[in-house]
Amino acid sequence: ERIPADAERPVFFAGAGDVHACVLAKAAHVLHRNDGGVGTASPNGLDHCAARAGVKAALAPFPAAEAAVAQRKRVLVGRCIPQPAEQGVVVVRTEVGDAVFGVVVRQMRAVAKGVKAEGDITITDGTIDITTSGNGEWDSDDAETKAAACVSGDANISISGGTITLKSTGSGGKGMKCDGTLTVTGSPVITVTTSGGLYYNNGSKENTNYTGDTDRIDSNYYSSPKGIKAGTKTESGSGWNVSYTYSGGVVISGGTITVTTSGCNGEGIESKSTMDISGGEIIVNAYDDGLNAASHLTITDGIIYARATNNDGIDSNGNCYIKGGIVYAIGASGAEVGIDANTEDQYKLYVQGGTIVAIGGLENGASLTQSCYTIGSSNSQGGRPAGGRPGSGGNNSWTADTWYALTYGSTTLAFKTPSSGGTSLVVSAPSEPTLQSGVVATGTTVFTSVPAAATVARPHPLPEPTC
């Protein structure tokens, strides 16, 4: 794509060599800060290159950062010239018939986007390894905070293969975000880590590690360090006449997804609309909600481990439906629960199938079509019964940091209780389960903390169902 002579020129990715037009990656403009010197006209500048001359990739991290663009089986390596701006973003734009098979980017600075698309992003194979390290900043033109993201799309993101590693260490930085629908199918391996704090900036005051309550703060003033965020929630009206419309969301039917967040308000996987999980393996260790949906959340299959150290393991702001799969959810202590639904607005948690272990119990008023059993913690006065508010845990108790085996029919699953978290343990299975503590886990490991099998000695029945 030719760049006008008077345009803010991107840095040319030199020495790429020829690439067939059908897989040509075309460069888009590069964001920069205040120096205005992202690139200068040169014999190698994009405005001097023929349309079929080779790969055109734009890169603007700090000087001498390296990048590699893999096209099919050929790896093309070079260094950005001339010296780029202090911060920036890689933007790869493709058109009909084009494909980007793999991009490796390292050492991106503030408010950077590792991969940014105004349209859809589709990943079918390859290795993608992106790290951003810069803090957010205030955008005076849009009157809102902006923060880094390893992968950012204005429309949809579709992932069906490849190995994707995303790490954001700056304040407010996210691993992956899109305004449309994130769809994960097939067998990709996705690892996302964010470690920055909550970024706050109202245009005159900045805090890169804000820990206050954001419920009463305009959302334009802060950016949360979430792992994965998708979809859009739009508010209209005011006061008692407020209404919301939702679009996009999260759809997962395959793959292995591991998300870790440690900063304030850092949710693991968030949908601003609906979330539908029908397969795959999902492992989330989050500061805030492990899984969160602004609208309805449905799980029909898959293996899910969702732990929150400061909120709910799984949280739906609409109805939450669990119809199948294996779900291990851990909520924080106090008022948080393992699996939550928005009962305050007359929504419900529906347990209609699957195998469930929930530390912290289930949300009040849950609708249950299979038996759930509650055990109170040995470290507390009582537990939170399934479908009820705090009450007596009876004479039964569970112990923190201990391996348990849950057996129903011919199936045995082992899980380890956390060292901290909610006070009650709820289990549910398609048939009447037994629970045994102090087991030794063996066999194939599905999750680091949730092996799939265990040697079990003298299983004993659980207490009577709590509902």
Side-chain angles (χ1 to χ4, degrees), residues 285 290 304-315 322 326-341 349 351 354-366 368 370-409 411-442 447-467:
N285 286 278
I304 298 152
Y305 173 83
R307 182 180 184 183
T309 56
N310 289 272
N311 215 324
D312 303 313
I314 298 175
D315 181 28
I322 300 181
I326 299 171
V327 179
Y328 185 11
I330 302 172
S333 59
E336 315 308 338
V337 294
I339 305 176
D340 191 17
L349 165 63
V351 177
T355 303
I356 300 170
V357 177
I359 303 292
L362 308 179
E363 179 52 60
N364 176 48
L368 310 169
Q370 68 181 28
S371 295
C372 294
Y373 300 81
T374 302
I375 303 173
S377 171
S378 60
N379 301 320
S380 69
Q381 296 299 315
R384 181 170 183 171
R389 288 297 177 185
S392 172
N395 295 322
N396 298 282
S397 62
W398 63 276
T399 305
D401 201 27
T402 300
W403 280 99
Y404 284 81
L406 178 66
T407 301
Y408 57 94
T411 301
T412 296
L413 302 173
F415 64 93
K416 189 176 184 180
T417 55
S419 57
S420 62
T423 56
S424 62
L425 184 156
V426 170
V427 296
S428 180
S431 60
E432 184 176 355
T434 60
L435 193 66
Q436 175 67 38
S437 63
V439 300
V440 178
T442 62
F447 298 147
T448 300
S449 55
V450 192
T455 56
V456 182
R458 301 184 303 280
H460 60 272
L462 290 161
E464 289 299 314
T466 55
C467 50

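All heavy atoms count here, side chains included; hydrogens, waters and symmetry mates do not.
Side-chain contact between Leu368 and Leu362 is present, with heavy atoms from C-beta onward closer than 4.5 Å. A heavy-atom distance below 4.5 Å is not found between the side chains of Lys416 and Thr402. When side chains are defined from C-beta on, Thr399 does not count as touching Ser437, because their heavy atoms never get closer than 4.5 Å.
When atom types are taken as modelled, the side chain of Thr417 and the backbone of Asp401 share a donor-acceptor pair closer than 3.5 angstrom. Judged purely by atom type and a 3.5 angstrom limit, Gln370 uses its side chain to pair as donor or acceptor with the backbone of Gly354.
Between Phe415 and Tyr328, the two ring planes are perpendicular [angle over 60°; tilted spans 30° to 60°].
Taking the side chain to side chain contact (heavy atoms under 4.5 Å, CB included) definition, one finds that Ala429 meets it with Tyr408, Pro433, sequence neighbours left out.
To the nearest 0.5 Å, the span separating CG on Leu425 from OG1 on Thr374 amounts to 8.5 Å. Distance CD1/Ile326 to CD1/Ile356: 11.5 Å, rounded to 0.5 Å. Atoms CG and CD1, from Asp312 and Ile330 in turn, are 13.0 Å apart once rounded to the nearest 0.5 Å. Distance check: Ile304 CD1 to Ile322 CD1 gives 8.0 Å after rounding to the nearest 0.5 Å.
The shortest heavy-atom contact between Ala400 and Pro418 is CB-O, 3.3 Å. In terms of heavy atoms, Ser371 sits closest to Ser428 at O-OG, 2.9 Å. Taking both residues in full, the closest heavy atoms of Ala306 and Gly290 are given as CB-CA, 4.4 Å, listed atom of the first, atom of the second, then distance. Ala329 and Gly338 make their closest contact through CB-O, 3.3 Å (heavy atoms, listed as atom of the first residue, atom of the second, distance). Minimum heavy-atom separation, Thr423 to Trp398: O-NE1, 3.1 Å. Scanning both residues, Pro430 and Thr355, for their nearest heavy atoms gives CD-OG1, 3.8 Å.
Residue Glu363 forms a side chain to side chain contact (heavy atoms under 4.5 Å, CB included) with just one option from Val337, Asp315, Ile339, and that option is Val337.
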